[in-house]
Amino acid sequence: MRLPLHLLFLAALWAAGGATAADRIGDPLAGKAWSDENVCKECHNPDGNSTVAEYPRLGGQQAAYLYKQLRDFRDGRRRNVIMQALTQELGDTELANVAAHFAAQPVMKGAVPSTSALGRSLFEQGDSARGIPACSACHGADGKGGAAGSLAYPAIGGQHRFYLRGQLQDWRSDTRRNSPDGVMNQIAKSLGDKDIEALADYLSGL
């Protein structure tokens, strides 16, 4: 089987020692093999760019972020019955490989740009009066994520609107509580329903 050029290029970077610490998480080729043999593609598609709104797009996501989420599912820090069941028997190496595979895929991209002025304002500027920082400060000007020290900020631009809305609601209600120092819970508690709808709409179009 002939491997896609982006996988060959990424493997070459690792071999040359030129990738960042986050990029060096796991083996994307081993992760692809595991994913192809198991059920990842049933919900997320082979390239990670899910077409079903309730399942997040994973293509081009930060490798370190994916790795953390997979471990959090396995170890009970993030709740999801399906993901907990799928990760229970996997060690750190297998989880890192799966994370590397999806991180190596084409980055998620919104199909229809949003015209939400409120969503754009919150993303680019935040709302200091309510203690809401600009989303772009951590997630990047294009919403494709980034890293600072040991922290990996996920790509959120181009993610499914339905999924984004649900996650923001879960952060706000403390249903989800696995962000570093609870920062996302603190931010989301300052967001009203209108804010969440606007952000989900805007981000999904990036």
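Heads up: numbering here begins at 1 and tracks the sequence. A quick note: this is a predicted structure, and the numbers were derived from the prediction, not measured.
- When atom types are taken as modelled, the side chain of His139 and the backbone of Pro154 share a donor-acceptor pair closer than 3.5 angstrom.
- Partners of Phe162 under the side chain to side chain contact (heavy atoms under 4.5 Å, CB included) rule, at least two apart in sequence or in another chain, are Ala53, Glu54, Arg165.
- Side-chain N or O atoms of Ser35 include none that pairs as donor or acceptor with a backbone N or O of Gly31 at under 3.5 Å.
- Applying the ring pair (Phe, Tyr, Trp, His ring centres under 6.0 Å) rule to pairs touching residues 170-190 yields nothing, sequence neighbours excluded.
- Between Gln61 and Gln105, the closest side-chain pair of non-hydrogen atoms is not below 4.5 Å.
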Decide side-chain contact (heavy atoms from CB on, under 4.5 Å) for Asn178 and Lys68; before the verdict, give the C-alpha distance in whole Å, the side-chain angles of both, and the deciding distance to 0.1 Å.
-> CA-CA 9 Å; Asn178 72 322; Lys68 178 185 185 302; 3.8 Å; yes

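- Considering every non-hydrogen atom in both Gly59 and Asn49, the closest pair reads CA-ND2, 3.9 Å.
- Judged by distance alone, with hydrogens and angles left aside, the side-chain atoms of Gln167 form no donor-acceptor pair with the main-chain N or O of Arg176 at under 3.5 Å.
- Proximity of a side-chain donor or acceptor of His44 to a complementary backbone N or O of Pro56 within less than 3.5 Å is detected.
- No side-chain donor-acceptor contact under 3.5 Å links Lys32 to the backbone of Asn97.
- Counting heavy atoms from C-beta on, the side chains of Asp195 and Arg130 come closer than 4.5 Å.
- Counting only heavy atoms from C-beta outward, the side chains of Ile196 and Arg172 approach each other to under 4.5 Å.
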Does the side-chain contact (heavy atoms from CB on, under 4.5 Å) test come out yes or no for Leu199 and Leu164, once each step is laid out?
-> CA-CA 8 Å; Leu199 276 171; Leu164 288 166; over 6 Å; no

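- In this structure, Ala134 and Glu124 approach most closely via the heavy-atom pair CB-O, 3.3 Å.
- Tyr153 belongs to a hydrophobic cluster with Leu151, counting contacts under 4.5 Å between side-chain heavy atoms of Ile, Leu, Val, Met, Phe, Trp and Tyr, direct or through other members.
- At distances below 3.5 Å, not a single donor-acceptor pair connects side-chain atoms of Asp36 with backbone N or O atoms of Ala33.
- The side-chain contact (heavy atoms from CB on, under 4.5 Å) test with Phe102 is passed by exactly one of Asp47, Leu58, Leu70: Leu58.
- Panel note: side chain Arg78, backbone Gln69; no donor-acceptor pair is recorded below 3.5 Å.
- The backbone N or O of Met184 sits less than 3.5 Å from a side-chain atom of Ser179, completing a donor-acceptor pair.
- Within the 4.5 Å cutoff, the side chain of Tyr202 has no heavy atoms near those of the Leu122 side chain.
- Side-chain atoms of Arg74 come within 3.5 Å of backbone atoms of Leu90 as a donor-acceptor pair (strictly under, hydrogens ignored).
- Judged by distance alone, the side chain of Gln159 and the main-chain N or O of Arg57 form a donor-acceptor pair under 3.5 Å.
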